Protein chains: 2
Amino acid sequence: MDETPERLAGKPSWLISQLSVHVHRLVADAFSAEGARGYHYRILAALDEFGATSQIRLAQRSNMDRSDVVAAINELAAHGFVERSPDPDDRRRNLVSLTDAGTQRLEELEKVIEGVQEDLLSPLPQDERAALSRLMGRLLAHHRTR
Amino acid sequence: MDETPERLAGKPSWLISQLSVHVHRLVADAFSAEGARGYHYRILAALDEFGATSQIRLAQRSNMDRSDVVAAINELAAHGFVERSPDPDDRRRNLVSLTDAGTQRLEELEKVIEGVQEDLLSPLPQDERAALSRLMGRLLAHHRTR
DNA sequence: CACTTTCGTTGGTTGCGCCAACATTGGCGC
DNA sequence: GCGCCAATGTTGGCGCAACCAACGAAAGTG
């Protein structure tokens, strides 16, 4: 009943994008239950790991467009998870920093996204999960640099 | 310079969605150069493999929403690649069928998408490509049935 | 015969990834 | 110092893919 054309089923591009659809659904459902979305987690993660920076560096680190960073920061700031302050060294820049509430928020979202990984990978044993990550990582590294 | 937070880089969900971004870009660029998009190829592939059917079966087979099938069929029909005819057995249905031009179109798009696979997988040797496809296929099969 | 279901269709919404344009500010050549 | 270009934040827009609600017409079911 669930017929998928061979032409599609056999193509890596199809597998990746369909898998991504499921991933996106899992992530979006889990995050939206918390009133968050992917962009928020990405920015919080980047701030937590690399510390306060300009929005443009945030954009690079979380692989987003700078205009989308603006919107996401607006939303995060409205909840008090991040703060914007003018950079004294360069008045063009906003220094975006994580608040205590933001750190806490990140830990919440971290739990959520960890649960999603489990859901996602449940059919694979540990060694195959690692193999999959390794292969995807190789492809990604290649296409990021070029 | 290209710093990605560990929290992201280590997560399969991140790898999949970022990989999907690159895939989507490759596919969209290649198809749009031909004036097509992913939905068109999916529908043509389903029609070619399973023959003329109702739009709702097409939607299932190409994993699309039925409302999106409407739009895609409109576009394909405008170019003469598919035809809508009323189903004599059930007047609620449209029988959608592939024209000769449509078969030809599919072969064009097939070449395009085959080129994308090569691009995409170029950093991996043959056996690792197979391993990757196998693993993704297993995940996909699991999440489709549940 | 009502009642419900199916199908096509219309008209939205959302998330994510983009791009163009503009004002402000900074840096650099002169 | 002045003029020009680059960087930054911001606004407003676009496209694709996925999805949803509602409707009329037609079919099926009691």
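No hydrogens, no waters, no symmetry mates; every other heavy atom, side chains included, goes into these values. Small disclaimer: the values here were computed from a predicted structure and weren't measured.
Residue contacts shown for A/D65 include a base, since a base heavy atom lies under 4.0 Å away. Using a 4.0 Å heavy-atom criterion, one finds that A/S17 contacts no nucleic acid atom at all.
One atom, CD1 of A/I43, and another, C1' of C/dC16, lie 13 Å apart when rounded to the nearest Å. Protein atom CZ of A/R42 is 8 Å distant from nucleotide atom C1' of C/dC16, rounded to whole Å. Here C/dT13 presents its C1' atom at 14 Å from CZ of A/R37, a figure rounded to the nearest Å. Protein atom CD of A/Q55 is 5 Å distant from nucleotide atom P of D/dG9, rounded to whole Å. Look at CD1 on A/I56: it is 14 Å from P on C/dC19, rounded to the nearest Å. Between the CG atom of A/D90 and the C1' atom of C/dG27 there is a distance of 10 Å, rounded to whole Å. Straight-line distance from the CD1 atom of B/I73 to the C1' atom of C/dT10: 16 Å, rounded to whole Å. One can place CG of A/D29 at 16 Å from C1' of C/dC16, the figure rounded to the nearest angstrom.
With respect to A/E49 and A/R61, no salt bridge is recorded, no charged nitrogen being found less than 4.0 Å from a carboxylate O. Note on B/E128 versus A/R134: salt bridge recorded, some NZ/NE/NH1/NH2 to OD/OE distance being below 4.0 Å. For the pair A/K11 and B/E110, the salt-bridge criterion is met [side-chain N within less than 4.0 Å of a carboxylate O]. One finds no salt bridge joining A/E75 and A/R105 here, because no Lys/Arg side-chain nitrogen approaches an Asp/Glu carboxylate oxygen to under 4.0 Å. We find that B/R7 and A/E107 are joined by a salt bridge, their nearest charged nitrogen and carboxylate oxygen being less than 4.0 Å apart.
If you check C/dC30 for Watson-Crick or wobble pairing at under 3.5 angstrom, you find it paired to D/dG1.
Donor-acceptor pairing under 3.5 Å is lacking for the side chains of A/R66 and A/Q60.
Judged by distance alone with a 3.5 Å cut-off, a donor-acceptor contact links the side chain of B/D68 to the base of D/dC19. In this model, no side-chain donor or acceptor of A/R92 finds a partner on the base of C/dG26 within 3.5 Å.
In the set C/dG8, D/dT11, D/dC19, D/dC19 carries the atom at the smallest distance from any side-chain atom of A/R25. The side chain of A/N74 sits closest to D/dT11 out of D/dT11, D/dT8, C/dG8. Picking from D/dG9, D/dA18, C/dC7 the nucleotide with the shortest atom distance to the side chain of B/Y39 gives D/dA18. Among the nucleotides C/dA21, C/dG15, D/dA27, the one closest to the side chain of B/R91 is D/dA27. When each of D/dT10, C/dC16, C/dT10 is scored by its nearest atom to the side-chain atoms of B/S67, the top-ranked nucleotide is C/dT10.
The phosphate of D/dT10 (OP1 or OP2) has a side-chain N or O of A/R84 nearer than 4.0 angstrom.
When each of A/R66 and A/S32 is assigned the nucleotide of DNA chain C bearing its nearest heavy atom, the one mapping closer to the 5' terminus is A/S32. Heavy-atom distances to DNA chain D give each of A/V21 and A/N94 a nearest nucleotide, and the one nearer the 5′ end belongs to A/N94. Between A/Q18 and A/A71, the residue anchored nearer the 5' end of DNA chain D, judged by the nucleotide with its closest heavy atom, is A/A71.
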